[in-house]
Amino acid sequence: MSKPTVAIHKFSSCDGCQLAFINMGEPLLVLSELVDILHFAEAGPVDENALVDIAIIEGSVSTSKDIERLKRIRNNSQYLLTMGACATSGGLQALRNMADTKQWITDIYANPSVIDSLDKSTPIKDHVKVDLEIWGCPVSTRQVLTAVRALLFGVMPKDENEKICMECKRMQRVCVMVTKKEPCMGPVTRTGCGALCPSVGRDCYGCYGPAENPNTQAMANRLTGLGLLKDEVARRFLFINSGAEAFHVQGIRTRDTT
Ligand code: SF4
Ligand code: SF4
């Protein structure tokens, strides 16, 4: 019996999520026993147009050729997952969505005409149907593997969208906001990283994007109460996941409030 097939595609990104995938060690060997990885340019196999059961996408849509390639990938796959902040919210490169991209290109590059860049960096879901978004910068390989394993058994993976604070409590971590007055974004950020930053005594900066029902205004008020200036509060939201609606709206609202 043939094995299920997987392809891992890259769009605009730093490759960090693919590297996290490669670095997972032994579980990757187990995965390679269970599936045939037909396209994963970072690791070796290249067959961009392969028909697969599961396509996993890293990176955002940023160039004029991306949309056509993305539609081809969607047509060639049964399930399509996004991996990481770039693919799910547009990533750090979506910061340019709030600026004049053409002006930046003119200012930075000696020969701007060779730069093929759309005005905005957008998440994959803006262009094709996405079956599951896996957040994080970089992504949690545990979450990717859990999702792939569920799909191999014909089960739609659970979207882990509760708040980091819940994970901290379960792991019995001491709250860095309460005890150290750190401007922690855990109350509005989705879980999945294993409460990595609070576990080493520092604040979460929201790299997993908005959790379910985030009370972003209360979060902004609390950050102000901790002494952050208005622009500093806005930048807590307008950072890695500035393209995620809940963070974007709150960041702009805070920034533009007089
Ligand atoms: S989500 Fe972060 S780690 Fe992953 S590709 Fe984008 S910038 Fe790199
Ligand atoms: S604690 Fe926050 S900033 Fe740190 S890895 Fe987790 S989501 Fe990212």
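Just follow the structure's listing: the first ligand is 1, and inside any ligand the first atom is 1. Numbering starts at 1 and runs along the sequence shown.
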Report task. Using atom types as modelled and distance alone, determine if a side-chain donor or acceptor of Asp15 lies under 3.5 Å from a backbone N or O of Gln18. Result -> no
Report task. Pull out every atom of ligand 1 sitting under 4.0 Å from any heavy atom of Pro138, numbered as shown with elements. Result -> 3 (S)
Query raised in the report: Taking atom 6 (Fe) of ligand 2 as the center, what protein N, O or S atoms are found at less than 2.8 Å?
Result: Cys193 SG
Query raised in the report: Atoms of ligand 1 less than 4.0 Å from Cys86 heavy atoms?
Result: 1 (S), 5 (S), 6 (Fe), 7 (S)
Report summary line: Residue, atom and distance of the protein heavy atom nearest atom 8 (Fe) of ligand 1 read Cys14 SG, 2.3 Å
Query raised in the report: In Å, rounded to the nearest 0.5 Å, how long is the span from OG of Ser121 to CG of Asp66?
Result: 9.5 Å
Query raised in the report: In terms of residue, atom name and distance, what is the protein heavy atom nearest to atom 4 (Fe) of ligand 1?
Result: Cys17 SG, 2.3 Å
Requested in this report: Examine distances only and state if a side-chain atom of Lys181 and a backbone atom of Leu226 form a donor-acceptor pair shorter than 3.5 Å.
Outcome: no
Requested in this report: For Arg74, check side-chain contact (heavy atoms from CB on, under 4.5 Å) against everything at least two apart and list the hits.
Outcome: Ser77, Leu80, Val128, Lys129, Asp131
Query raised in the report: Can you list the ligand 1 atoms lying under 4.0 Å from a non-hydrogen atom of Ser13?
Result: 5 (S)
Query - Tyr205 six-ring face occupied by Arg236 cation (under 6.0 Å, within 45°) - result: no
**Report entry** ligand 1 contact on Glu58 by region, counting heavy-atom pairs under 4.0 Å
**Finding:** side chain
Donor-acceptor contacts under 3.5 Å from residues 42-57 side chains, at least two apart:
unit_1 : atom_1 : unit_2 : atom_2 : d
Asn49  : OD1    : Arg72  : NH1    : 2.8
Asp53  : OD2    : Thr5   : N      : 2.8
Asp53  : OD2    : Thr5   : OG1    : 3.2

Report summary line: re atom 1 (S) of ligand 1, the protein heavy-atom contact at minimum distance is Ala85 N, 3.2 Å
**Report entry** Distance from atom 3 (S) of ligand 2 to nearest protein heavy atom, with residue and atom
**Finding:** Tyr205 N, 3.2 Å
Query raised in the report: Near Cys137, which atoms of ligand 1 are under 4.0 Å from a heavy atom of that residue?
Result: 1 (S), 2 (Fe), 3 (S), 7 (S)
Report task. Apply ring pair (Phe, Tyr, Trp, His ring centres under 6.0 Å) to Phe40 and list each qualifying residue two or more places apart in sequence or on a separate chain. Result -> Phe21
